[in-house]
Trainee: 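Quick one: this structure, given as structure tokens, is what I'll be asking you about.
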Protein chains: 2
Amino acid sequence: MDQPADSNASDSEDGAIRRRLPPAERRQQIVDVAVRFFAEVGLDGKTRELAKRLGVTQSLLFNYFATKDDLIEAVYEKVYIGRLSPDWPERLSDRDVPLRDRLIAFYSEYSALIFEREWMRIFMFSGLAGASLNHRYLKHLGDVILRPILAETDALARGDTRPTMEDVWNLHGGIVYIGIRQHIYRMPAPEHPEDEIARAIAKYLQFFEIELEN
Amino acid sequence: MDQPADSNASDSEDGAIRRRLPPAERRQQIVDVAVRFFAEVGLDGKTRELAKRLGVTQSLLFNYFATKDDLIEAVYEKVYIGRLSPDWPERLSDRDVPLRDRLIAFYSEYSALIFEREWMRIFMFSGLAGASLNHRYLKHLGDVILRPILAETDALARGDTRPTMEDVWNLHGGIVYIGIRQHIYRMPAPEHPEDEIARAIAKYLQFFEIELEN
DNA sequence: AATTCTGTTGATCAATTGATCTTTTAATCC
DNA sequence: GGATTAAAAGATCAATTGATCAACAGAATT
């Protein structure tokens, strides 16, 4: 029932037994499972249940993380790290490409990253808990993504109403809310989020009378 | 320090001592404080800390609620009940008033209700916990508010792109996201949310080429 | 094959937590 | 003013929880 009698216990790609992993690998495995676990049940999830999911003793966790908070910190980092690739500021500012295309390119890629249950929920849990990483992330997002979007919009806006930072937050929020509905509230998702993203962007650009070719 | 020696301990409007309240009043007081408490620390907040805030013994809570879950259920109800006044469907459908005015009226009133820390956070906590009240609320919102908005928009839209339910969710999400930023992520809020709401609505209507007077 | 090394287990601790129950005491009734 | 009622306190239970530590066992080394 448990596992075929494989004399060598430490292989079997994603099997169950494999005891005695090298530390780096075990640590990574713990963090991977912890991300899914805490994303599902919240940061108050119990170490014993996490250990059960890992097929491992609860005490083993404390060989790799001094405290539960340390483990959660590792979960944060695993989830937050690399979520915003560093070349987006310049790609968003590349005026050889129409702004609409830049925005669609960004939000298509970005939404593929964040419309993901683990990210979305851990981001929300950590936000509610007031985690500093959350604040830093949002500040970074504002500085590095939304502010350039505002600058580009402002450069192209033709109407008499100038775009503001709040306009960009509104665009952003409307898009992110798709993921919130799906993963936080577990409501049915739109079939083609890309289409909704494109529409949101069109709405945004049209408001400032920015033509498609600019 | 604690309280002037008021021989009758049970008055003093919002003072500290007043022991021995009538049950209905005590129950209400517990729920009121519990709403603020759980909104702040999450639904895993401990009964002992809640009791301390009430200036009451922990065991007293269980004289009014059989279990902690019962208390949380009471918190849900207190927070959810009456959040959507029942006359909005017709007010949103009153074509004697320009759609823009109807939308602004609704979202001004609605945002005043939901841009509130307790509501926003408990809604999010309960959403993450998968509470059924949360699902019911969102379904209700969709049926009773967003669907009429869609119908009204569709009746007035002049362009060749027809509005969809996702467009309405996008409008809604963009507005709600203001509150999420403020109360979940604790970011600085826009000074005049009403202005941002009006702008979001303008964006929405303009996309479907709906004039201000319609 | 024996030895060493270390990843992992199992037992256990102390603090915490939801919940129960007896006792106390403030308010009401006669 | 003393008796009665029930709201609240206080003590306590059993289960849970994060964390510790000695003992075990799988793999590498010699």
Side-chain angles (χ1 to χ4, degrees), chain A residues 2-12 15-34 37-38 41-76 129, chain B residues 2-12 15-34 37-38 40-75 129:
Chain A
D2 270 334
Q3 183 80 358
D6 187 344
S7 58
N8 186 350
S10 72
D11 57 356
S12 75
I17 294 242
R18 65 173 161 177
R19 299 157 52 155
R20 238 186 140 72
L21 295 188
E25 196 174 329
R26 174 68 82 190
R27 189 191 151 95
Q28 185 182 332
Q29 182 207 28
I30 291 176
V31 175
D32 287 348
V33 175
F37 173 67
F38 287 123
V41 306
L43 303 177
D44 294 289
K46 312 306 176 188
T47 54
R48 277 174 176 79
E49 198 190 332
L50 169 60
K52 192 182 294 179
R53 294 204 189 188
L54 281 155
V56 139
T57 348
Q58 178 245 10
S59 63
L60 184 66
L61 301 177
F62 294 91
N63 276 0
Y64 293 86
F65 303 93
T67 69
K68 185 188 169 186
D69 282 343
D70 280 5
L71 171 56
I72 289 179
E73 202 59 36
V75 166
Y76 283 169
Chain B
D2 271 335
Q3 182 82 356
D6 187 346
S7 59
N8 186 350
S10 74
D11 57 357
S12 75
I17 294 239
R18 65 173 161 176
R19 299 158 52 155
R20 234 182 146 73
L21 296 188
E25 197 173 328
R26 176 68 82 190
R27 189 192 150 95
Q28 186 181 334
Q29 181 207 30
I30 292 176
V31 175
D32 287 348
V33 176
F37 174 66
F38 287 122
E40 183 184 325
V41 307
L43 303 177
D44 294 288
K46 313 305 177 188
T47 55
R48 277 174 176 79
E49 198 191 331
L50 169 60
K52 193 182 294 178
R53 296 204 187 188
L54 281 156
V56 137
T57 350
Q58 178 245 9
S59 63
L60 185 65
L61 301 177
F62 294 91
N63 277 2
Y64 293 86
F65 302 93
T67 68
K68 185 188 168 186
D69 281 344
D70 280 6
L71 171 57
I72 289 179
E73 202 60 34
V75 166

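Below, chains carry the letters A, B, ... as their sequence lines are ordered, and counting in each starts from 1.
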Trainee: Using heavy atoms to find the nearest nucleotide of DNA chain D for B:Gln58 and B:Pro22 separately, return the residue whose nucleotide is more 5′.
Mentor: B:Pro22

Trainee: Mapping A:Arg48 and A:Asn63 onto DNA chain C by nearest heavy atom, which one lands closer to the 5' end?
Mentor: A:Asn63

Trainee: Using a cut-off of strictly less than 4.0 Å, decide whether B:Arg20 has a side-chain nitrogen or oxygen near OP1 or OP2 of C:dT28.
Mentor: no

Trainee: Do any N or O atoms from the side chain of A:Thr67 and from the backbone of A:Asp69 form a donor-acceptor pair under 3.5 angstrom?
Mentor: yes

Trainee: B:Glu49 and side-chain hydrogen bond (donor to acceptor under 3.5 Å, both in side chains): which single residue from B:Lys52, B:Arg53, B:Lys46 fits?
Mentor: B:Arg53

Trainee: Is B:Arg26 near enough to D:dA8 that one of its side-chain N or O atoms lies under 4.0 angstrom from OP1 or OP2?
Mentor: yes

Trainee: How many whole angstroms separate atom CG of B:Leu21 from atom C1' of D:dT5?
Mentor: 17 Å

Trainee: Rounded off to whole Å, could you give me the NZ-to-C1' distance for the B:Lys68 and C:dT16 pair?
Mentor: 12 Å

Trainee: In whole Å, what is the span from the CG atom of A:Asp44 to the P atom of C:dG18?
Mentor: 11 Å

Trainee: Tell me the closest heavy-atom pair linking B:Phe65 and B:Ala74, and the distance in Å.
Mentor: CE2-CB, 3.7 Å

Trainee: Can you check the A:Glu25 CD to C:dG7 P distance for me, whole Å?
Mentor: 12 Å

Trainee: Where the side chain of B:Lys46 is defined as all heavy atoms beyond and including C-beta, which of C:dT17, C:dT9, D:dT20 is the nearest nucleotide?
Mentor: C:dT17

Trainee: Within this structure, what is the CG-to-P distance between A:Leu43 and D:dG18, rounded to whole angstrom?
Mentor: 12 Å

Trainee: Would you say a side-chain N or O of A:Tyr64 is under 4.0 Å from OP1 or OP2 of C:dT8?
Mentor: yes

Trainee: Has A:Lys68 got a side-chain atom pairing as donor or acceptor with A:Gly45's backbone, closer than 3.5 angstrom?
Mentor: yes

Trainee: Please tell me which of the listed nucleotides, D:dA19, D:dA8, C:dG7, lies nearest to the side chain of A:Phe62?
Mentor: D:dA19

Trainee: Looking at the side chain of B:Ser59, which of D:dA11, D:dA8, D:dA19 is the nearest nucleotide?
Mentor: D:dA11

